[in-house]
Number of protein chains: 2
Amino acid sequence: MKTLTSRQQEVRDFIQATQAEQGVSPTLREIARHFGFRSMKAAVDHVRALRGKGVVVWQPRRARSLRLVALGRRRTTVEVPVYGAIPAGFPDGRQQENQECLAVDMAGLGLRPTARTFALQVRGDSMIGKHILPGDYVILEHGKTVRPGDVVAALIDNESTLKTFLLDKGKPCLRAENPRYPQLIPARELVIQGVMVALVRKCQ
Amino acid sequence: MKTLTSRQQEVRDFIQATQAEQGVSPTLREIARHFGFRSMKAAVDHVRALRGKGVVVWQPRRARSLRLVALGRRRTTVEVPVYGAIPAGFPDGRQQENQECLAVDMAGLGLRPTARTFALQVRGDSMIGKHILPGDYVILEHGKTVRPGDVVAALIDNESTLKTFLLDKGKPCLRAENPRYPQLIPARELVIQGVMVALVRKCQ
DNA sequence: AATAATACTATTCAAATGAATAGTATCACC
DNA sequence: GGTGATACTATTCATTTGAATAGTATTATT
């Protein structure tokens with residue numbers, strides 16, 4: 001990324017500000033008007049320069065298609081549905097507008113944006129030994145291959161519970177990470193709903 | 001939010017898909033073409049219905065200004081700069097495109113998007129007692145009022161260190177949350193760079 | 001001193017796009 | 001049996017918008 005001139009930086013900032021305030025990118029004419037250019041060509045030149053420097057991309061002949069590439073990268077953020085508890089099966093993706101969601105940057109977390117990613121809010125301190133606290137949001141992926149030591153959400157008594165997946169003498173089993181509950185549950189006949197890939201904690 | 005008809009849901013999904021794939025919202029004509037409508041009016045009607053049901057907003061006479069309100073809410077995501085360590089003072093916000101960033105959903109975390117929000121990647125296990133592990137990203141806010149018990153980033157020996165802020169006999173001091181390092185440092189003359197507001201942990 | 005990049009004015013054209021009007025057909029609902 | 005919502009066809013108009021051409025002045029850079 002080459003350095004920008006101060007004017008080019010101003011244009012870049014205006015594009016960013018417009019996107020933030022208006023929700024859409026500015027048109028060339030709007031850029032020209034904002035800076036008081038009496039000719040659109042000035043705006044065209046600046047945008048062309050920004051494109052040449054790899055700062056923005058746009059699609060020819062499409063209105064308001066300017067995008068900042070730095071921001072483009074961050075737009076790997078995905079809304080992850082937050083479930084209190086997952087009943088059997090997965091709710092289908094329809095009509096979930098009202099659902100609580102958590103925005104997670106997939107690239108930043110080294111995740112592929114999968115439709116099978118979801119979040120659970122932790123209840124209870126059964127995973128305190130893995131430094132997972134009540135209230136934490138655990139982000140899980142459904143269908144990922146489970147390896148021993150992974151934290152998984154399993155369906156026990158029709159409720160999702162977090163456990164560590166282990167191999168005990170070759171047999172898969174689940175363990176709660178709290179010495180007060182030293183349960184060791186055989187993993188057979190249990191539904192593994194997801195493997196933990198990340199965690200988000202709010203403070204206060 | 002009223003329920004959508006199946007056709008309206010399809011239109012909503014198309015808008016969402018176009019935004020994801022093309023980076024811009026579709027025009028009314030593009031909606032019509034996608035569904036094979038021979039008249040634009042059909043697309044206009046559907047978008048008007050979606051607007052009436054609060055699913056979508058758009059700005060009159062502005063091309064490609066359609067926005068899904070559910071997604072509009074998630075766009076409170078903010079790129080938070082990740083510092084390994086913060087030297088004295090704050091780097092100014094310019095020309096930081098190459099910087100490592102973490103996308104965080106401010107609304108979902110109950111935060112106001114402040115320019116003074118940043119992240120630190122934790123090194124060492126000095127905060128293990130607060131269930132903060134090495135490798136975790138701690139999100140902090142600069143200038144927030146510190147309360148006893150808060151985790152703060154403080155500048156010690158020209159390097160940012162996480163400590164718990166406490167009052168010891170009325171005197172402010174900092175404590176490492178690891179029994180192996182039972183340091184208690186008077187907080188006077190120390191620069192508190194930020195107060196922890198959230199934590200993000202990647203697994204594996 | 002020559003050259004290229006930057007930063008603009010001024011004007012025109014054509015395509016893209018939103019908006020409007022006048023209808024038709026279907027279906028649920030009261 | 002009427003009413004309203006839904007889901008469209010067909011056509012036209014006015015704006016918005018990107019793109020192009022022909023220049024000028026200033027500021028680096030070589």
Side-chain angles (χ1 to χ4, degrees), chain A residues 1-19 21-69 94-95 97, chain B residues 1-15 17-19 21-69 94-95:
Chain A
M1 189 104 54
K2 295 168 192 169
T3 48
L4 305 181
T5 67
S6 59
R7 201 53 157 167
Q8 286 166 357
Q9 183 71 47
E10 279 176 44
V11 174
R12 202 204 88 101
D13 288 351
F14 174 66
I15 295 170
Q16 187 166 20
T18 306
Q19 285 179 347
E21 289 158 23
Q22 313 276 329
V24 289
S25 290
T27 63
L28 294 170
R29 272 181 184 79
E30 284 169 356
I31 294 174
R33 193 180 338 131
H34 176 263
F35 288 100
F37 300 157
R38 323 190 94 181
S39 168
M40 265 185 57
K41 179 62 158 39
V44 173
D45 283 351
H46 281 126
V47 169
R48 225 187 285 265
L50 289 175
R51 185 194 55 169
K53 289 179 176 176
V55 177
V56 318
V57 289
W58 98 95
Q59 296 159 42
R61 287 236 154 262
R62 311 197 95 172
R64 301 182 182 279
S65 62
L66 266 177
R67 276 190 295 165
L68 303 178
V69 292
R94 293 245 168 257
Q95 297 288 348
E97 286 103 330
Chain B
M1 189 106 53
K2 295 167 191 171
T3 49
L4 306 181
T5 67
S6 59
R7 202 51 156 168
Q8 286 166 357
Q9 183 71 49
E10 279 177 46
V11 174
R12 203 204 87 101
D13 288 350
F14 174 66
I15 295 170
T18 306
Q19 284 180 347
E21 290 159 22
Q22 312 277 329
V24 289
S25 290
T27 62
L28 294 171
R29 272 180 185 79
E30 283 170 356
I31 294 173
R33 196 184 331 136
H34 175 263
F35 289 99
F37 300 154
R38 321 188 95 183
S39 168
M40 264 184 59
K41 179 63 159 41
V44 173
D45 283 352
H46 281 126
V47 169
R48 225 187 286 267
L50 288 175
R51 185 195 54 170
K53 289 180 177 177
V55 177
V56 122
V57 289
W58 100 93
Q59 295 160 42
R61 289 232 155 264
R62 311 196 95 173
R64 303 182 182 278
S65 63
L66 266 177
R67 274 189 298 165
L68 303 178
V69 292
R94 290 249 168 252
Q95 296 285 351

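Note that these values count all heavy atoms, side chains included, but never hydrogens, waters or copies made by symmetry. Chain letters run A, B, ... following the sequence lines, proteins first, then strands; residues in each count from 1.
Remark: W58(A) is not in phosphate contact with dT17(D), judged by side-chain N or O atoms under 4.0 Å from OP1 or OP2. Listed pair T5(A) / dA7(C) meets the phosphate criterion, a side-chain N or O lying under 4.0 Å from OP1 or OP2. Side-chain N/O atoms of R61(A) include none lying less than 4.0 angstrom from OP1 or OP2 on dA19(D). Applying the 4.0 Å criterion to OP1 and OP2 of dC8(D), one finds that R7(B) has a side-chain N or O inside that range. Between H46(B) and dT6(D) there is no side-chain N or O to OP1 or OP2 distance below 4.0 Å. Side-chain nitrogen and oxygen atoms of K41(B) include none within less than 4.0 Å of the OP1 or OP2 phosphate oxygen of dT6(D). For the pair Q8(B) and dA7(D), the criterion of a side-chain N or O lying under 4.0 Å from OP1 or OP2 is met.
Between the side chain of R29(B) and the base of dG18(C), a donor-acceptor pair under 3.5 Å is found. Between the base of dA16(C) and the side chain of T27(B) there is no donor-acceptor pair shorter than 3.5 Å.
The separation between L28(A) atom CG and dA20(D) atom P is 12 Å, rounded to whole Å. If you measure from atom CD of E30(B) to atom C1' of dT17(C), you get 10 Å, rounded to the nearest angstrom. Between D45(A) atom CG and dT26(D) atom P there is a gap of 17 Å when expressed in whole angstrom units. Following rounding to the nearest Å, M40(A) (CE) and dA14(C) (P) show an atom-to-atom distance of 16 Å. For the pair F35(A) CZ and dT6(C) P, the computed distance is 16 Å after rounding to whole Å. In this structure, R33(A) places its CZ atom 17 Å from P of dC8(C), rounding to the nearest Å. The nearest whole Å value for the distance from the CG atom in L66(A) to the P atom in dT16(D) is 19 Å. If you measure from atom CD1 of I31(B) to atom P of dT17(C), you get 12 Å, rounded to the nearest angstrom.
In this structure, R7(B) places its CZ atom where more than 12 heavy-atom neighbours from other residues, nucleotides or ligands lie under 6.0 Å away.
Sequence order on DNA chain D of the closest nucleotides to A63(B) and S6(B) puts S6(B) first from the 5' end.
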**Request:** Report the C-alpha distance between R12(A) and Q8(A) in whole Å, list the side-chain angles of each, state the deciding distance to 0.1 Å, and finish with yes or no for side chain to side chain donor-acceptor pair (under 3.5 Å).
**Result:** CA-CA 6 Å; R12(A) 202 204 88 101; Q8(A) 286 166 357; over 6 Å; no
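Note: F35(A) and F14(A) have perpendicular aromatic rings, judged against thresholds of 30 and 60 degrees for the angle between ring planes.
Each of Q19(A), R67(A), R64(A) was checked for a side-chain hydrogen bond (donor to acceptor under 3.5 Å, both in side chains) with S25(A), and the lone residue meeting it is Q19(A).
In terms of heavy-atom proximity, A42(A) sits nearest to F37(A) at CB-CD1, 3.5 Å.
Counting any heavy atom pair closer than 4.0 Å across all strands shown, A42(A) reaches a base atom.
The nucleotide whose nearest atom lies closest to any side-chain atom of R64(B) is, among dA19(D), dT17(C), dG18(C), dT17(C).
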